[in-house]
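Worksheet: one structure, shown below.
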Amino acid sequence: MNDPQGNPFWTYSLALYGRPGVDAACLALQDRLDLDVNVLLFCCWAGSRGRTLEDREVGALMAAVRALREEVVLPLRQARRSLKTLLAELGPAGTELREKIKANELAAEAIQQNLMHSALQIADGPPSATAGAANLRAYLRVAQATPAGSDWDALAGLLAVAFPELSEVEARALLGQ
């Protein structure tokens with residue numbers, strides 16, 4: 001996979017997000033707990049490099065992208081989702097507009113990931129599922145998110161795909177569930 005932006009986090013994210021079940025898990029956590037998919041992916045990426053993030057680092061990461069996320073990414077997402085319900089009324093022009101908004105949303109997320117990569121440099125190291133799980137738990141703490149049963153399933157599924165040596169049962173155990 002090409003990395004035109006010189007950002008290994010972006011390359012990692014595209015690869016992980018493209019694996020079976022990852023998009024559904026991330027979107028479920030986004031919709032149910034208001035978690036940022038890019039931060040979830042960053043937690044896994046840091047773990048894939050053997051890095052455990054401290055709560056203050058996760059908070060700094062979230063702060064670094066807060067304005068872009070709230071003022072650009074989320075409004076684009078809302079517009080794209082709103083258009084989905086209006087497509088029957090708007091026809092082909094609505095579909096074309098929705099696709100353009102979707103492309104802009106993806107471009108904004110790429111910028112967000114560049115900001116994240118710049119805000120917190122992660123050196124390359126040996127993968128650590130334990131670090132990945134600790135990073136996800138740190139994000140939950142900092143975001144003050146309270147996962148329920150199916151949320152833990154999504155988190156464990158994400159972790160198990162990010163670290164294929166884990167079963168979902170082992171991933172749940174690492175997450176403290």
Side-chain angles (χ1 to χ4, degrees), residues 9-49 51-82 84 102 105-106 108-113 115-117 119-120 122 127-177:
F9 169 45
W10 178 251
T11 302
Y12 174 88
S13 294
L14 290 176
L16 179 58
Y17 198 80
R19 292 184 190 153
V22 172
D23 59 343
C26 288
L27 294 175
L29 293 165
Q30 172 185 276
D31 292 342
R32 290 194 303 253
L33 297 177
D34 195 30
L35 295 177
D36 185 334
V37 170
N38 289 316
V39 178
L40 290 167
L41 295 171
F42 193 93
C43 289
C44 293
W45 178 66
S48 77
R49 292 173 157 239
R51 178 73 149 60
T52 301
L53 303 173
E54 297 177 16
D55 288 12
R56 69 173 175 74
E57 292 174 309
V58 173
L61 197 61
M62 292 167 63
V65 298
R66 184 170 287 119
L68 178 68
R69 182 174 189 264
E70 291 175 1
E71 296 176 28
V72 179
V73 175
L74 293 178
L76 284 169
R77 181 176 304 136
Q78 183 58 46
R80 177 181 51 80
R81 286 181 171 179
S82 294
K84 187 174 184 177
K102 184 178 180 180
E105 181 184 359
L106 185 62
E109 288 188 333
I111 293 168
Q112 179 182 343
Q113 286 203 3
L115 289 172
M116 295 169 76
H117 181 255
L120 191 57
I122 305 293
S128 170
T130 302
N135 296 341
L136 291 170
R137 288 192 316 270
Y139 181 34
L140 293 172
R141 281 191 304 276
V142 174
Q144 298 178 348
T146 307
S150 59
D151 303 322
W152 288 112
D153 294 340
L155 286 161
L158 172 61
L159 191 63
V161 174
F163 298 92
E165 70 275 12
L166 293 178
S167 69
E168 285 196 33
V169 171
E170 293 167 321
R172 274 188 90 99
L174 282 177
L175 289 165
Q177 286 298 296

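The residues of the chain are indexed from 1 along the displayed sequence.
Comment: Glu105 does not engage Arg81 in a salt bridge, judged by the lack of any side-chain N to carboxylate O separation of less than 4.0 angstrom.
The two residues Gly47 and Ala131 have their closest heavy-atom pair at CA-CB, 4.0 Å. Taking every heavy atom of both residues into account, Ala171 and Ala156 meet most closely at CB-O, 3.4 Å. Annotation for Val73 and Ala108: closest pair CG2-CB, 3.8 Å, computed over non-hydrogen atoms. Contact between Pro127 and Phe163 at its shortest, heavy atoms only, is CB-CE2, 4.4 Å. The heavy-atom pair separating Ala64 from Ala119 by the smallest distance is CB-CB, 3.8 Å. When all heavy atoms of Pro75 and Arg69 are compared, the closest pair comes out as CD-O, 4.1 Å.
Between Leu29 and the choices Leu136, Asp151, Val37, the side-chain contact (heavy atoms from CB on, under 4.5 Å) rule is met once, by Asp151.
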What verdict does the side chain to side chain contact (heavy atoms under 4.5 Å, CB included) test give for Asp36 and Met62, after you've listed the backbone C-alpha separation in whole Å, the side-chain angles of each residue and the deciding distance to 0.1 Å? CA-CA 9 Å; Asp36 185 334; Met62 292 167 63; over 6 Å; no
Trace of the side chain to side chain contact (heavy atoms under 4.5 Å, CB included) decision for Phe42 with Leu120: CA-CA 10 Å; Phe42 193 93; Leu120 191 57; 3.9 Å; yes
Audit row: Arg141, Arg137, side chain to side chain contact (heavy atoms under 4.5 Å, CB included) steps and yes/no: CA-CA 6 Å; Arg141 281 191 304 276; Arg137 288 192 316 270; 3.9 Å; yes
Derivation and outcome, side chain to side chain contact (heavy atoms under 4.5 Å, CB included), residues Ile111 and Val65: CA-CA 9 Å; Ile111 293 168; Val65 298; over 6 Å; no
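With contacts defined as side-chain heavy-atom distances shorter than 4.5 Å, the pair Thr52/Ser128 does not qualify. Here the side chains of Val58 and Asn135 are not in contact, with every heavy-atom distance at 4.5 Å or above. Annotation: side chain of Ser150 is in contact with side chain of Arg32 (closest heavy-atom distance under 4.5 Å). Within the 4.5 Å cutoff, the side chain of Arg77 has heavy atoms near those of the Leu74 side chain. You'll find the side chain of Cys26 reaches within 4.5 Å of the side chain of Leu158, heavy atoms only. The shortest distance between side-chain heavy atoms of Trp152 and Arg172 falls below 4.5 Å. A 4.5 Å side-chain heavy-atom check between Gln112 and Met116 finds at least one atom pair inside the cut-off.
Between atom CG of residue Asp153 and atom CG of residue Leu175 there is a gap of 11.0 Å, rounded to the nearest 0.5 Å. The distance from atom CG of Leu61 to atom CG of Leu115, rounded to the nearest 0.5 Å, is 10.0 Å. Atoms CH2 and CD, from Trp10 and Gln113 in turn, are 5.5 Å apart once rounded to the nearest 0.5 Å. With values rounded to the nearest 0.5 angstrom, Arg19 atom CZ is found 11.5 Å from Leu14 atom CG. Rounded to the nearest 0.5 angstrom, Trp45 CH2 and Asn38 CG are separated by 12.5 Å.
Taking a 6.0 Å sphere around CD of Glu165, one finds it holds more than 12 heavy atoms contributed by other residues, nucleotides or ligands.
With sequence neighbours excluded, no residue forms a salt bridge (charged side-chain N to carboxylate O under 4.0 Å, His left out) with Arg49. With sequence neighbours excluded, the residues that form a salt bridge (charged side-chain N to carboxylate O under 4.0 Å, His left out) with Glu54 are Arg56. For the ring pair (Phe, Tyr, Trp, His ring centres under 6.0 Å) test, no residue two or more places apart in sequence or in another chain qualifies with Tyr139.
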